Amino acid sequence: RKIVMNWILLKEESDINDLLERFGYFHDGCLRELHMWTGTYVNEDLSMTVPGELDTNVKMLFQRQYSNPSAIELLFECVTGIHIIPTPENYDSIIQDAIILKSDDNFYWANDYNFQPINDIENRVSWIAAKKLKWREVNDWMGKQNRYGDHE
């Protein structure tokens with residue numbers, strides 16, 4: 001039986017700090033999966049539905065080598081930017097420390113604690129920015145099994 005907690009909306013700096021402290025700044029963690037979707041689609045009659053607002057959303061699943069919580073999901077709504085750099089060969093994908101910050105009405109997650117949107121937007125750092133950010137614990141989502149999409 002899977003226990004999935006309700007989403008917690010980040011609003012203020014204290015909400016961000018609480019999440020970072022509870023998840024140990026993502027230390028000894030990894031980005032396990034990422035799923036992106038939009039509100040734009042083609043109907044069965046081949047007409048297209050195109051929302052007039054930001055319609056890109058991203059879910060990210062993180063796991064770490066500590067408990068309480070050991071896995072969390074981040075849900076980015078109204079995504080304004082994303083820059084994910086795959087880990088090169090012969091390097092590990094372990095996150096040393098990550099940051100979540102709010103700047104210019106965007107929430108940013110980046111896999112470098114010293115990330116600054118102005119300086120690092122096209123740098124060596126993986127990051128995502130969105131107008132809304134929610135999170136939840138998914139502690140039973142540990143291991144190799146994929147949680148998003150097709151499992152083939």
Side-chain angles (χ1 to χ4, degrees), residues 2-43 48-88 91-142 146-150:
K2 292 186 180 189
I3 299 169
V4 178
M5 292 185 56
N6 291 327
W7 291 104
I8 299 167
L9 180 65
L10 297 183
K11 297 178 204 159
E12 305 170 2
E13 205 66 36
S14 61
D15 300 328
I16 294 170
N17 291 336
D18 178 57
L19 170 56
L20 287 171
E21 287 175 18
R22 287 181 70 182
F23 204 61
Y25 292 83
F26 295 76
H27 179 71
D28 282 346
C30 64
L31 169 56
R32 175 67 188 109
E33 290 183 66
L34 179 147
H35 174 69
M36 186 176 95
W37 70 98
T38 70
T40 301
Y41 58 91
V42 176
N43 294 291
M48 190 174 287
T49 297
V50 182
E53 64 276 350
L54 292 170
D55 70 336
T56 301
N57 303 290
V58 171
K59 276 186 181 179
M60 298 171 83
L61 171 60
F62 294 92
Q63 300 169 336
R64 70 178 186 144
Q65 293 183 294
Y66 297 91
S67 57
N68 297 321
S70 53
I72 64 169
E73 228 182 345
L74 296 182
L75 172 57
F76 295 87
E77 297 175 305
C78 305
V79 171
T80 58
I82 186 170
H83 185 248
I84 303 297
I85 302 172
T87 304
Y91 285 83
D92 66 52
S93 297
I94 299 170
I95 298 171
Q96 297 304 313
D97 53 18
I99 192 72
I100 297 172
L101 53 92
K102 189 171 183 185
S103 175
D104 296 327
D105 290 330
N106 278 295
F107 288 93
Y108 290 85
W109 175 89
N111 66 349
D112 182 342
Y113 183 79
N114 296 311
F115 172 83
Q116 290 297 319
I118 293 269
N119 302 330
D120 295 324
I121 221 73
E122 293 183 18
N123 203 343
R124 57 179 171 54
V125 175
S126 290
W127 59 269
I128 182 168
K131 296 295 182 186
K132 296 179 189 170
L133 177 54
K134 299 175 185 174
W135 75 280
R136 66 182 177 182
E137 290 183 27
V138 287
N139 290 320
D140 58 340
W141 286 14
M142 298 299 285
N146 287 333
R147 304 295 173 169
Y148 304 146
D150 195 353

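All figures in this text were calculated on a predicted structure; none of them were measured in a lab.
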Measure the [atom1]-[atom2] distance between [X] and [Y] for me, rounded to the nearest 0.5 Å.
{"X": "Phe76", "Y": "Lys132", "atom1": "CZ", "atom2": "NZ", "value": "14.5 Å"}
{"X": "Cys78", "Y": "Asn106", "atom1": "SG", "atom2": "CG", "value": "10.0 Å"}
{"X": "Asn6", "Y": "Lys134", "atom1": "CG", "atom2": "NZ", "value": "10.5 Å"}
{"X": "Trp141", "Y": "Glu73", "atom1": "CH2", "atom2": "CD", "value": "4.0 Å"}
{"X": "Ser70", "Y": "Glu137", "atom1": "OG", "atom2": "CD", "value": "8.0 Å"}
{"X": "Leu9", "Y": "Trp135", "atom1": "CG", "atom2": "CH2", "value": "12.0 Å"}

Relative to the ring of [Y], is the ring of [X] parallel (under 30°), tilted (30 to 60°) or perpendicular (over 60°)?
{"X": "Phe115", "Y": "Tyr108", "value": "tilted"}
{"X": "Tyr148", "Y": "His35", "value": "tilted"}
{"X": "Trp109", "Y": "Phe62", "value": "tilted"}

Would you say [X] and [Y] make side-chain contact, with heavy atoms under 4.5 Å?
{"X": "Leu61", "Y": "Val138", "answer": "yes"}
{"X": "Leu31", "Y": "Asn111", "answer": "no"}
{"X": "Ile72", "Y": "Asn139", "answer": "no"}
{"X": "Ile99", "Y": "Asp112", "answer": "no"}
{"X": "Ile100", "Y": "Leu20", "answer": "yes"}
{"X": "Asn114", "Y": "Asp97", "answer": "no"}

So, does [X] use its side chain to make a donor-acceptor pair with the main chain of [Y] at under 3.5 Å?
{"X": "Ser126", "Y": "Ile85", "answer": "yes"}
{"X": "Thr38", "Y": "Thr40", "answer": "yes"}
{"X": "Asp15", "Y": "Lys11", "answer": "yes"}

>> Pair Trp37, Lys59 - check side-chain contact (heavy atoms from CB on, under 4.5 Å), show working.
In response: CA-CA 9 Å; Trp37 70 98; Lys59 276 186 181 179; 3.9 Å; yes
[X] to [Y] - nearest heavy-atom pair and separation:
{"X": "Cys30", "Y": "Ser93", "value": "CB-O, 4.0 Å"}
{"X": "Asp104", "Y": "Lys131", "value": "O-NZ, 4.2 Å"}
{"X": "Thr87", "Y": "Asp92", "value": "CG2-O, 3.2 Å"}
{"X": "Thr49", "Y": "Pro51", "value": "O-CD, 3.9 Å"}
{"X": "Leu54", "Y": "Val79", "value": "CD2-O, 4.0 Å"}
{"X": "Ile16", "Y": "Phe107", "value": "CD1-CE2, 3.9 Å"}

>> For a side-chain contact (heavy atoms from CB on, under 4.5 Å) check, start with the C-alpha distance between Gln65 and His27, then their side-chain angles and the critical distance, and finish with the verdict.
In response: CA-CA 8 Å; Gln65 293 183 294; His27 179 71; over 6 Å; no
>> side-chain contact (heavy atoms from CB on, under 4.5 Å) for Leu19 and Leu74? Distances and angles first, verdict last.
In response: CA-CA 11 Å; Leu19 170 56; Leu74 296 182; 4.0 Å; yes
> Would Arg22 and Asn68 satisfy side-chain hydrogen bond (donor to acceptor under 3.5 Å, both in side chains), going step by step from the backbone distance to the final call?
Replying inline: CA-CA 8 Å; Arg22 287 181 70 182; Asn68 297 321; over 6 Å; no
> Which is it for Ile128 and Met60 under the side-chain contact (heavy atoms from CB on, under 4.5 Å) test, yes or no, and what are the steps along the way?
Replying inline: CA-CA 10 Å; Ile128 182 168; Met60 298 171 83; 3.9 Å; yes
> So, are Arg147 and Glu33 salt-bridged, with charged N and O less than 4.0 Å apart?
Replying inline: no
>> Under 6.0 Å from the ring centre and within 45 degrees of the ring axis: does the NZ or CZ of Arg64 meet both conditions for the six-membered ring of Phe23?
In response: yes
